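Here is the structure we will look at, set down as structure tokens.
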Amino acid sequence: MDHKLFIYNSLSRKKENFIPINSPYVGLYVCGPTVYGEAHLGHARPAITFDVLFRYLKYLGYKVRYVRNITDVGHLENDADSGEDKVVKKARLEQLEPMELVQRYVNSYHENMLKLNILPPSIEPHASGHIIEQQQMIRKILKRGFAYESNGSVYFDVNKYNEKYQYGKLSGRNTEEMMANTRELAGQDEKRNPFDFALWKKADPVHIMHWPSEWSEGFPGWHLECSAMGTKYLGETFDIHGGGMDLLFPHHECEIAQSIAANGVDHVKTWMHNNMITINGQKMGKSLNNFINLSEFFEGNHHLLERAYCPMTIRFFILQAQYRSTVDFSNEALQAAEKGLKRLLSAGELIGKLKTSPASTFNLSEIINETFGALNDDLNTPIAIAQLFEAARIINLINDGKETITKPDLLELGKFFNSVMIDILGLISESNVENKGNLESELMNIIIDLRLQARQKKDFQTSDLIRDRLNNLNVRLNDTKEGTTWEKE
RNA sequence: GGUUCCGUGGCCGAGUGGCUAGGCACCGGUCUGCAAAACCGAUUACAGCGGUUCGAAUCCGCUCGGAACCUCCA
């Protein structure tokens with residue numbers, strides 16, 4: 001594979017040249033949602049980040065197996081290992097069968113992802129569908145002596161693990177410090193140490209999601225699903241594991257420990273973590289109750305939103321920041337993104353209409369090299385996008401006759417622009433086509449024709465009246481050389 | 001308290017030693033009956049103080065301010 005893709009590895013805290021374990025195959029695992037509520041803007045970040053990675057790896061010629069899980073059991077509501085299962089709680093509140101609730105939010109998640117033009121993963125395993133695999137993993141960990149049973153539950157023995165391996169290598173923690181800083185929590189007497197975590201939890205009598213096991217009627221711990229499913233579909237050691245930065249500890253730290261304890265080998269080669277989306281400088285999150293659902297964005301239905309935003313605007317907005325930086329939400333930033341995206345899309349449409357010349361007056365290969373150089377540098381999408389804007393500027397200048405392009409260059413430009421915009425960044429124009437062909441559009445054609453007649457008679461009083469009154473209805477008329485177009489604001 | 005990170009022009013956001021990213025807004029221009037849209041062009045910056053260096057937004061130190069993780073979170 002002839003490229004130099006560098007990816008920042010959270011484990012080594014360095015950018016590393018990406019070399020697959022078994023090229024051209026690449027195994028990619030990303031933590032998906034816990035489906036107990038509507039997807040919000042925060043869910044869009046990893047989905048989009050790793051969608052671009054998935055697309056780019058495929059563009060580079062790799063055969064990628066992309067696994068993104070659905071967490072539908074075991075994710076507890078409160079303090080580690082003592083709260084209620086999130087799905088069960090929500091199901092109780094909404095008086096639904098837990099799997100009914102899961103199905104509802106999975107459907108909604110898929111709908112939102114589709115709108116954001118996120119490719120479906122190769123495999124989307126559910127935690128509840130892999131109870132057997134999780135139980136088998138628990139047995140392996142018990143057999144190797146890194147877990148213990150306590151009152152029907154099974155806990156991971158962090159101290160025991162730490163004698164042979166290193167717990168905390170991902171998040172830069174050590175167990176002594178953790179011990180010193182751990183708050184004593186009620187109801188944790190089953191554990192030998194406060195930072196031991198559950199592999200299997202005995203279900204209390206009112207708990208509705210539970211499975212039989214030799215330890216108890218119960219359910220698996222949250223961290224276990226990713227270890228079990230990652231191993232099942234991608235192998236004991238695989239290439240890339242992604243997720244939000246907030247999952248780095250404890251979730252991914254525990255995942256590493258479990259996998260190594262069970263299999264005796266390193267779990268993941270490259271760990272990638274996307275940063276958070278902030279709102280007024282603070283993390284957008286369920287617990288802070290400052291999150292905006294994706295459907296609310298698409299409909300403009302939230303007190304923080306001045307109006308609705310298209311899914312592509314949100315995708316572009318997120319890609320204008322590098323994935324390891326925080327990105328701050330604001331209406332102003334979103335509207336800026338909307339206009340910028342529009343500019344790129346119309347430049348893209350212009351390419352097919354450009355006239356060619358015997359010579360090119362600009363350096364196309366420089367733009368192309370800069371763009372792929374940026375993508376190879378830990379997916380620096382903002383710089384790649386800046387290069388697309390440079391290309392757009394040149395496309396417009398060619399269209400104005402102020403720059404020229406040869407036929408081969410034009411072909412290459414078109415191929416480059418579409419590859420980056422559509423195939424890699426996944427930015428496509430929203431279909432404005434839905435307005436065409438209906439009554440509204442036919443009526444507008446009549447009004448525009450009448451106004452054109454008035455203008456031809458130099459009856460500007462009438463033509464301006466038509467335009468002003470349409471303006472009052474938030475319908476904007478644009479007179480161009482090719483005729484008059486209209487758009488709703 | 002521990003661990004980690006950040007502070008760039010009106011707003012968003014790249015850049016980690018020399019070559020004023022980019023977008024949006026503002027301003028100037030082209031086009032237009034006028035406007036809008038579109039396009040072209042120009043301007044504005046590196047939290048503060050000290051240090052290293054021929055040269056620092058970029059390295060080091062201090063100060064101030066902010067964030068994340070350490071408990072569920074994408």
Side-chain angles (χ1 to χ4, degrees), chain A residues 13 30-34 36-37 39-50 75-84 86 168 171-174 177-178 180-183 185 195 222 242-251 253 273-278 281-288 291 316-317 320-322 324-344 346-347 350 370 374 380-390 392-393 395-397 399-400 402 455 458-460 463-464 467-468 471 476-481 484-487:
Chain A
R13 289 159 209 243
V30 174
C31 288
T34 301
Y36 67 110
H40 57 80
L41 188 60
H43 290 100
R45 187 105 197 250
I48 290 170
T49 298
F50 295 107
H75 199 162
L76 303 180
E77 181 68 32
N78 234 308
D79 293 311
D81 307 328
S82 64
E84 190 175 6
K86 286 183 169 185
S171 57
R173 276 157 233 264
N174 64 57
E177 272 172 15
M178 284 173 67
N181 290 308
T182 304
R183 284 180 283 156
L185 294 166
F195 42 80
W222 172 41
M245 249 176 209
D246 50 349
L247 297 177
L248 206 133
F249 188 91
H251 186 55
E253 197 69 74
H273 291 94
N274 63 274
N275 214 321
M276 303 289 103
I277 289 181
T278 60
Q282 208 184 23
K283 189 174 95 173
M284 185 178 283
K286 287 231 163 85
S287 54
L288 298 162
F291 62 92
F316 186 67
F317 169 68
Q320 270 190 308
Q322 209 267 348
R324 285 191 293 118
S325 304
T326 56
V327 53
D328 199 54
F329 157 82
S330 71
N331 281 284
E332 209 181 351
L334 236 8
Q335 283 163 30
E338 184 176 80
K339 288 186 183 174
L341 175 61
K342 197 177 167 192
R343 184 175 149 87
L344 286 183
S346 37
L350 255 185
E370 291 280 323
N380 198 325
T381 51
I383 289 195
I385 287 170
Q387 290 303 319
L388 288 179
F389 276 110
E390 177 64 13
R393 191 178 66 81
I395 289 164
N396 288 325
L397 283 169
N399 191 46
D400 287 356
K402 290 169 184 162
R455 290 177 71 208
K458 304 232 185 271
D459 179 7
F460 296 123
S463 70
D464 287 354
R467 189 173 60 196
D468 291 346
N471 248 327
R476 206 74 55 226
L477 289 184
N478 301 319
D479 295 330
T480 69
K481 279 174 195 154
T484 303
T485 62
W486 64 278
E487 61 184 349

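Fair warning: this is a prediction, and the values are worked out from it, not measured in the lab. Letters go in sequence order (proteins before strands), and every chain restarts at 1.
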| message | Taking donor-acceptor contacts at under 3.5 Å, does the side chain of A/R467 reach the base of B/rA35? | response | yes
Any protein N or O atoms within reach of nucleotides 22-25 of chain B? Criterion: under 3.5 Å, listing atom names and distances.
residue	atom	partner	partner atom	Å
B/rA25	OP1	A/K339	NZ	2.9

| message | When both hydrogen-bonding distances must be under 3.5 Å and the geometry is Watson-Crick or G-U wobble, what is B/rA38 paired with, if anything? | response | B/rU30
| CZ of A/R45 versus P of B/rA74: gap in Å, rounded? | 15 Å
| Toward the 5' end of RNA chain B, which comes first, A/F460 or A/P46, by nearest nucleotide? | A/F460
| task | Choose from B/rA14, B/rA68, B/rC12 the nucleotide whose nearest atom is closest to any side-chain atom of A/D328. | result | B/rC12
| message | Once you apply a heavy-atom cut-off of 4.0 Å, does A/T278 come out as touching a base, just sugar-phosphate, or nothing? | response | nothing
| request: For B/rU32 versus B/rC12, give the span between their P atoms, rounded off to a whole number of Å. | output: 38 Å
| In Å and rounded to the nearest 0.5 Å, what is the CG to CZ distance from A/L248 to A/R173? | 7.5 Å
| remark: Residues at least two apart in sequence or cross-chain that pass ring-ring contact (aromatic ring centres under 6.0 Å, His included) with A/F329, listed by chain then number, are A/F297
| Nearest-angstrom distance, C1' atom, B/rC19 to B/rG23 | 22 Å
| message | So, under a plain 3.5 Å distance rule, would you say the side chain of A/D479 forms a donor-acceptor pair with the base of B/rA35? | response | yes
| field | Polar pair under 3.5 Å, donor/acceptor by atom type, side chain A/R13, base B/rC5 | value | no
| Spacing of the P atoms in B/rC11 and B/rA74 (rounded, Å) | 31 Å
| query | What distance, rounded to whole Å, do you find between the two C1' atoms, one in B/rG18 and one in B/rU53? | reply | 12 Å
| request: Could you check whether A/M276 gets within reach of a base, just the sugar-phosphate, or nothing at all, counting any heavy atom under 4.0 Å? | output: base
| query | With rounding to whole Å, what would you report as the distance between B/rG48 and B/rG7 at their C1' atoms? | reply | 11 Å
| request: Assess whether side chain to side chain contact (heavy atoms under 4.5 Å, CB included) is satisfied between A/L41 and A/R45, documenting all intermediate values. | output: CA-CA 7 Å; A/L41 188 60; A/R45 187 105 197 250; over 6 Å; no
| Considering only side-chain heavy atoms of A/A321, which listed nucleotide, B/rG13, B/rC34, B/rA38, is closest? | B/rG13
| Nearest-angstrom distance from the residue atom CG of A/D468 to C1' of B/rC34 | 11 Å
| note | Rounded to whole Å, the CZ-C1' distance (A/F249 to B/rG2) equals 12 Å
| message | In whole Å, I'd like the distance from the CG atom of A/L397 to the P atom of B/rC39. | response | 11 Å
| query | So how far is it from A/R455 CZ to A/D464 CG, rounded to the nearest 0.5 Å? | reply | 9.0 Å
| note | From CG of A/N275 across to C1' of B/rC69 the rounded distance in Å is 11 Å
| Judged by atom type as modelled, is there a donor-acceptor pair below 3.5 Å linking the side chain of A/N399 to the main-chain atoms of A/I395? | no
| Heavy-atom donor-acceptor pair, A/E253 side chain to A/S171 backbone, under 3.5 Å | yes
| message | I want to confirm an ordering. Mapping A/K283 and A/H40 to their closest nucleotides on RNA chain B, which one lands closer to the 5' end? | response | A/K283
| query | Watson-Crick or G-U wobble partner for B/rC5, using a 3.5 Å limit on both distances? | reply | B/rG66
| note | Using Watson-Crick geometry (N1-N3 plus N6-O4 or O6-N4) or G-U wobble (N1-O2, O6-N3), each under 3.5 Å, B/rA21 is paired with none
| Among B/rC69, B/rG13, B/rA14, which is the nearest nucleotide to the side chain of A/S325? | B/rA14
| What is the distance, rounded to the nearest whole Å, between atom CG of A/N399 and atom P of B/rA37? | 19 Å
| Is any side-chain N or O of A/N380 closer than 4.0 Å to OP1 or OP2 of B/rA21? | no
| query | For the pair made of CG in A/N478 and P in B/rU32, what is the distance, rounded to whole Å? | reply | 16 Å
| remark: Taken in chain and number order and not counting sequence neighbours, the residues that satisfy ring-ring contact (aromatic ring centres under 6.0 Å, His included) with A/F291 are A/H40
| request: Determine the Euclidean distance between corresponding C1' atoms of B/rG13 and B/rC6; express it in Å to zero decimal places. | output: 14 Å
| request: With rounding to the nearest 0.5 Å, note down the distance linking CG in A/N274 to CZ in A/F50. | output: 5.0 Å
| query | When the distance from CD of A/Q282 to C1' of B/rC6 is rounded to whole Å, what number comes out? | reply | 16 Å
| Looking only at atom P, what distance separates B/rC34 and B/rG29, rounded to whole Å? | 14 Å
| message | What's the closest nucleotide to the side chain of A/L247 if the choices are B/rC12, B/rC34, B/rA74? | response | B/rA74
| request: Kindly compute the distance separating CE (A/M276) from NZ (A/K283), expressed to the nearest 0.5 Å. | output: 6.0 Å
| query | Considering only the P atoms, how many Å lie between B/rG9 and B/rA57, rounded to the nearest integer? | reply | 14 Å
| query | Looking at CD of A/Q335 and CD of A/E338, how far apart are the two atoms once the value is rounded to the nearest 0.5 Å? | reply | 6.5 Å
| task | Could you work out which one of B/rG13, B/rA74, B/rC70 sits closest to the side chain of A/R173? | result | B/rC70
